[in-house]
Amino acid sequence: MDGFRQLVPISLFVLVFALAFGLAAAQSGLDQTTILAMSALVFAGASQFAALELWGEQVPLVPLLMTVFAINARHLLMGASLYPWLARLPPARRYGVMLVASDANWAMSLQAFSCDKPGFGLLFGGGLSLWLFWLLGTWLGIHFGHAISDPDGLGLDMVLGCFLLAMVAGGEKTLRTLAIWAVAGISALLAYRFLPENSHVIVGALAGGLTGVLLGRPAHER
């Protein structure tokens, strides 16, 4: 419950984007049950919007699967970063927790784990908060989405980015960490400029992770 409550503020912004998705999905011709099922089972805003772009009378299944996988591939890296703590759980609980893993609750739980604080409540409880607000926002978008048809115009698309940046700023402050984030950031910017869409997320994460491996583990973890 503590984790749920801590993620409610960011969940309110998630609700607005879910509202926009619900509106867009309804306008694309999908019925309410399908739209709500997509939000409940996929629970990933960017890939759900991308799926709508490919939706039609003839759905290109393979390109659709590849697009969703490419956008959500960062979850592979998120899971890997949490593995040292998730490995302590039985498999059913481990994968159950990761069903509601998202950027915000992943960042907060990882920061807590790294500081030797409890993080499972943030990961699972916070994930439930984000998931429920995403579902609620989707439902509202289906019925009342015309009220906010352009959330980007309100600058709300910057909220999650600023939140994650705050998580980074509040984390470990060492030359090693600075080097990792610098490499990740520069690599992501170059990939964003020169590589296919959405690939910058994976490139930046892999570059930062590889830098961390090459620099070795910090002294307090040895």
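Being a predicted model, the structure only gives us computed values, none of them experimental. The chain is numbered in sequence order, starting from 1.
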message = I'd like to know if L99 and L76 are part of one continuous hydrophobic network [Ile/Leu/Val/Met/Phe/Trp/Tyr, side-chain heavy atoms within less than 4.5 Å].
response = no
key: Smallest separation among heavy atoms of A25 and S28, with atom names   = O-OG, 2.6 Å
message = For a 4.5 angstrom cut-off between non-hydrogen side-chain atoms, does L12 reach F133?
response = yes
inquiry  = Is there a path of hydrophobic side-chain contacts, each under 4.5 Å between heavy atoms, that joins L132 and V8?
reply    = yes
query = Is the shortest heavy-atom distance from the side chain of W106 to the side chain of H75 under 4.5 Å?
reply = no
ask   = Say you draw a straight line from NZ of K117 to CE of M108; how long is it, rounded to the nearest 0.5 Å?
value = 10.5 Å
query = Taking atom CZ of F17 and atom OG1 of T138, what is their separation to the nearest 0.5 Å?
reply = 13.0 Å
remark   = Between A26 and I35, the two heavy atoms sitting closest are N-CD1, 3.6 Å
query = Do S187 side-chain atoms and A184 backbone N/O form a donor-acceptor pair below 3.5 Å?
reply = no
inquiry  = Within the structure provided, determine whether I142 and F21 are in side-chain contact (heavy-atom separation under 4.5 Å).
reply    = no
task = State whether the side chain of Q48 and the backbone N or O of F43 hold a donor-acceptor pair below 3.5 Å, judged by distance alone.
result = yes
inquiry  = A side-chain contact here means heavy atoms from C-beta on lying under 4.5 Å apart; do Q111 and S114 qualify?
reply    = no
ask   = Donor-acceptor pair, T211 side chain versus A207 backbone, under 3.5 Å?
value = yes
inquiry  = Could you check whether any side-chain N or O of W134 sits under 3.5 Å from a backbone N or O of V14, counting only pairs where one atom can act as donor and the other as acceptor?
reply    = no
Heavy-atom pair of closest approach, residues N72 and S47 = ND2-OG, 3.4 Å
request  = Please check if any side-chain donor atom of S102 sits under 3.5 Å from a side-chain acceptor atom of N105, or the reverse.
outcome  = no
ask   = Could you go step by step and tell me if L30 and L52 meet the side-chain contact (heavy atoms from CB on, under 4.5 Å) rule?
value = CA-CA 9 Å; L30 293 176; L52 290 182; 3.8 Å; yes
message = With a 3.5 Å distance limit and no angle check, can you tell me whether S81 reaches the backbone of M78 through a side-chain donor-acceptor pair?
response = yes
key: Distance (rounded to the nearest 0.5 Å) between R176 CZ and L214 CG   = 10.5 Å
query = Would M98 and L89 show up in the same hydrophobic cluster when neighbours are defined by side-chain heavy atoms closer than 4.5 Å?
reply = yes
key: Distance in Å, L136 CG paired with W139 CH2, rounded so as to fall on 0.5 Å steps   = 8.0 Å
ask   = Just wondering, do L190 and H200 contact through their side chains at under 4.5 Å, heavy atoms?
value = no
task = Apply the test side-chain contact (heavy atoms from CB on, under 4.5 Å) to residues Q32 and H143: give CA-CA distance (whole Å), side-chain angles for both, the deciding distance (0.1 Å), then the verdict.
result = CA-CA 9 Å; Q32 176 175 322; H143 299 283; 3.2 Å; yes
ask   = If you take all heavy atoms of A112 and G119, which pair is closest and at what distance?
value = CB-CA, 4.1 Å
Side chain to side chain, L122 and L7, heavy atoms closer than 4.5 Å = yes
query = What's the spacing between L77 CG and L82 CG if we round to 0.5 Å?
reply = 11.0 Å
query = Given the rule in the ring pair (Phe, Tyr, Trp, His ring centres under 6.0 Å) test, do F124 and F4 qualify, once you have shown the distances and angles that lead to the verdict?
reply = CA-CA 8 Å; F124 187 61; F4 187 98; over 10 Å; no
query = Is any side-chain heavy atom of F120 closer than 4.5 Å to a side-chain heavy atom of L86?
reply = yes
query = Roughly how far, to the nearest 0.5 Å, is the CZ atom of R5 from the CE atom of M1?
reply = 5.0 Å
message = Hydrophobic clusters here meaning ILVMFWY residues chained together by side-chain heavy-atom distances under 4.5 Å, can you tell me if Y95 and V42 are in one?
response = no
query = Should W181 and Y192 be counted in the same cluster of Ile, Leu, Val, Met, Phe, Trp and Tyr side chains packed under 4.5 Å apart?
reply = no
